Every structure is written in C-alpha cells, then in structure tokens.
Amino acid sequence: MSSLSQNNKPYDYIIVGAGLFGAVIAYRAIKAGKRVKVIDRRSHIGGNLYCQDVDGVAVHCYGPHIFHTSNREVWQFVNSIVEFIPYINSPIANYCGKLYNLPFNMNTFYQLWGVTSPIEAEKIINTQREQSSITTPQNLEQQAIALVGTDIYQTLIKGYTEKQWGRSCTELPPEIIRRLPVRFTFDNNYFNDTFQGIPAGGYNLFIERLLEGSEIETDCDFFDHRELFEAQAKCIVYTGELDRYFDYCHGALEYRTLRFETKRVEQKSYQGVAVMNYTDSTTPYTRAIEHKHFDSSCRANHSIITYEYPEEWKIGREPYYPINDSRNNLIADKYRQLALQCKDVIFGGRLAEYRYYDMHHIVEKALSIEL
Ligand code: UDP
C-alpha cells in the first residue's frame, strides 16, 4: 500500500469524512492513544448533522436530526459526550390543507374516519387489508396497504413516498415503510425507541467533542490525494460513497438528493411544529421544518423555515439517501465483496455501506468496530 513501512507512518488512522461514523471512530481511536487525522471534502465538520446558528436559531442545514435509540450503551455513549435533552418528535401530516397526526395512531384514525376506539379503527383497517388480498408484500405499496389499509396509503403515504424517492411505490422495496410505527393508542411519538433527544448545545458541539485530539482538515477531497493519504496511515476509515471508492467499476449506485429552500419569518412560531410532512402529490416539497421547535430553550422572536425538495442525484450533488432497490442492492453487494478484501480499510456509515441507517445505527456500528 505504501513506500513507508507501517511503523513509520505518521497516522494510525486517516478518517475520510467528519460525519457521525468518522467522528465516533476518531474519538475511540484518540482515547486508545492513536494518531488520527480526519479529512472532509466539505468546509465544515459534522457531515449532515451540521447546524448553522441564524441569530439564535440552530438550523439543521442538511435536514432535521433527532437522535433515538433503544440501545442503552449507545444512549450512554452519546450522553457521555454531551447531555442529550429529551425531545419527542411528533410531526404533522398536511394533505391538501387538512392536518393529521403521525405516526399512524388513534389520533390519525379519528381524524380520517371519526372513530374513537381501537376496535373501530382496527375493523376499518382490516376490511381494507382484506379487500386488497395481499399476503406477502412485494413492494412498498403492498406493504403499506398490508400495514394500514388503502385510505392511509392514499392520504399519508403514496404522495410523500413518490416525491421522496422519485419512483412509484410499486417499484420501491417494502422495508422503507416498515420504519414507521402503527399504533392503536393516542400516541404521536414518531419513534418507538426508549431514548430520544437532541444534544444540549447542539450537534456541532457534539461533533467537536468527538473530534477533540484529532487533526482535522476540511475542504479536502480524499480522491485528490488518495495515494498520499494511503501512504500516510496504517488504516483508512472511509465513510464516502461506496461506488466511488472502487472507481465505479461495477457501475454507479443511485441516491436521492435534497434541495433546501430556507426562509426567515418575523414570527415566534410559524407552523407550530418542528416537522410538517406534505403528503399530497401536488405540493412539490415533502417537508417544512421549523428549526426552533427542536430546541425548547430557543428564545428568538423570529423563525427559520426550510422546505425540502427531493431530487434525482447526479455527480457533484450531495448523496443523501441510498436507494436500496434490487438493482442497486445487487451492485452494492459486489462493492461490499471488494470492501471485504481491503484489509487496511474500514468502511462505515450510510454512504460507505449504502444502507438507509439512522444515527443510532451508525453509533452502534462505530462502537463495535475493533480498533
Ligand atoms: N413516509 C410516508 N409519509 C410520511 C412520512 C414517511 O409515507 O408522512 C414514508 C416514506 O416512504 C419515507 C419512509 O416512510 O421514505 C420513512 O420515513 P422517515 O420519516 O423515517 O424518513 P427520513 O426521516 O429518513 O427522511
């Protein structure tokens, strides 16, 4: 791999990407007395967790992030870095101007059908399920109808999902929708996890603490100096796109990207909730985020709203979501095989594993890697 012998290399680890996976690995490596350099092609650290302070409002620049996990070890770890303030995510769905609670729960069923008891709601859903006669769901549409019936699928899932993924629900894998809870209680908590919160002081502080002791270089693309970096480190921790690492030799993987439009309003509260999902197909954006509601200590008199527009990814744009359909998964598997053969490289994170991970998955993974 290099002209320098392993022992003469200036770094034990060069970490490519200063996002969550890279930062947790950096933290652990520094604690173990290793020499660590972290590089990132962006001009800042934190990856998609990065926030910008706009006159006292922390703006989640790459989409909203709420940490949630049922893994006590993961929760204790993140809280050992910075205290996480409990926060319950309770988004609202807006379908053609009518509002519904999420995730799918008794409040939603009442708003849709006027039913006031779980038995009535289950009866409606079961009737719709039976009419669709789906036994083993083969795609997202079938999975959604099998979970919650056709009314909810049409009102709260189809439009949102097709905007988000740029594909028909019949072409998408069923797993995507299994992320969302369905409950027969009046409970608007979007996640089922035991622990949920947002770091006190913000995500930037959380990442800065994780990276303490590491040498950091931003505005630095690994691929511009690949040979140099490989010669300088005993081990590369790679968190960028999996296909790019192997020079697209098995073809390019597909991703979804996001375009954000952000506006400032001179109002204390604009939409009254942090996350509003637009589930109809005519509204061009999927979500409107009112950032200040993530932070109960925010005292700003103004508010910042971001509209999210999912778009097709092409080289040069930010890849946000892997599209884990069968074609892409086949290609990704070939790259994963190649990755297994790279003995001095650790691949981790949403992009390098090409998996639709949440933050807790990333931390769990980064804590489990042998360093
Ligand atoms: N989804 C939906 N309606 C909503 C919210 C989500 O149909 O109002 C579906 C959509 O297919 C999405 C998936 O559920 O891709 C997972 O949503 P989640 O909120 O977990 O997405 P993320 O926060 O990762 O963008």
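Read the numbers this way: they start at 1 and go in the same order the structure lists the ligands and their atoms. Numbering of residues begins at 1 and proceeds along the displayed sequence. All values derive from a computational prediction rather than experimental measurement.
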[atom]: nearest protein contact (heavy atom, Å):
atom                    : answer
atom 20 (O) of ligand 1 : Arg179 NE, 2.9 Å
atom 9 (C) of ligand 1  : Ile177 CD1, 3.6 Å
atom 23 (O) of ligand 1 : Arg287 NH1, 3.5 Å
atom 25 (O) of ligand 1 : Tyr321 OH, 2.6 Å
atom 15 (O) of ligand 1 : Trp165 NE1, 2.8 Å
atom 13 (C) of ligand 1 : Ile176 CG2, 3.7 Å
atom 22 (P) of ligand 1 : Tyr356 OH, 3.3 Å

Identify, by atom number and element, the atoms of ligand 1 in contact range of [X], meaning under 4.0 Å from any of its heavy atoms.
X      : answer
Thr279 : 8 (O)
Tyr190 : 5 (C), 6 (C), 17 (O), 18 (P), 19 (O)
Asn277 : 4 (C), 5 (C), 8 (O)
Ile157 : 7 (O)
Leu102 : 8 (O)

Which option, [options], owns the non-hydrogen atom nearest [atom]?
atom                    : options                        : value
atom 14 (O) of ligand 1 : Val275, Asp358, Val148, Leu180 : Leu180
atom 12 (C) of ligand 1 : Arg256, Arg350, Gln164, Glu162 : Gln164
atom 3 (N) of ligand 1  : Leu156, Thr161, Ile92          : Leu156

(message) Around atom OH of Tyr110, are there more than 12 heavy atoms from other residues, nucleotides or ligands closer than 6.0 Å?
(response) no
(message) Quick check: Phe67 with Tyr203 (ring centres under 6.0 Å apart)?
(response) no
(request) Could you see which bit of Lys163 sits under 4.0 Å from ligand 1, with heavy atoms only: side chain, backbone, both or neither? (result) neither
(request) Kindly write out the residues that satisfy side chain to side chain contact (heavy atoms under 4.5 Å, CB included) with Asp333, not counting sequence neighbours, or none if the list is empty. (result) Arg336
Spacing of [X] atom [atom1] and [Y] atom [atom2] [to the nearest 0.5 Å]:
X      : Y      : atom1 : atom2 : result
Glu312 : Thr257 : CD    : OG1   : 10.0 Å
Thr279 : Tyr160 : OG1   : OH    : 9.5 Å
Ile30  : Glu212 : CD1   : CD    : 10.0 Å

(request) For the residue pair His68 and His360, categorise the inter-ring angle as parallel (less than 30°), tilted (30 to 60°) or perpendicular (more than 60°). (result) tilted
(message) If the contact criterion is a heavy-atom separation under 4.0 Å, does Lys158 count as touching ligand 1?
(response) no
(request) In sequence, state the C-alpha distance, the side-chain angles, and the governing distance for Glu290 and Lys292, and then conclude on salt bridge (charged side-chain N to carboxylate O under 4.0 Å, His left out). (result) CA-CA 6 Å; Glu290 185 165 15; Lys292 70 188 307 184; 5.8 Å; no
(message) Just to verify, what does Lys343 make a side chain to side chain donor-acceptor pair (under 3.5 Å) with, not counting sequence neighbours?
(response) none
(message) Contact between Pro310 and Tyr321 at the side-chain level, heavy atoms closer than 4.5 Å - yes or no?
(response) no
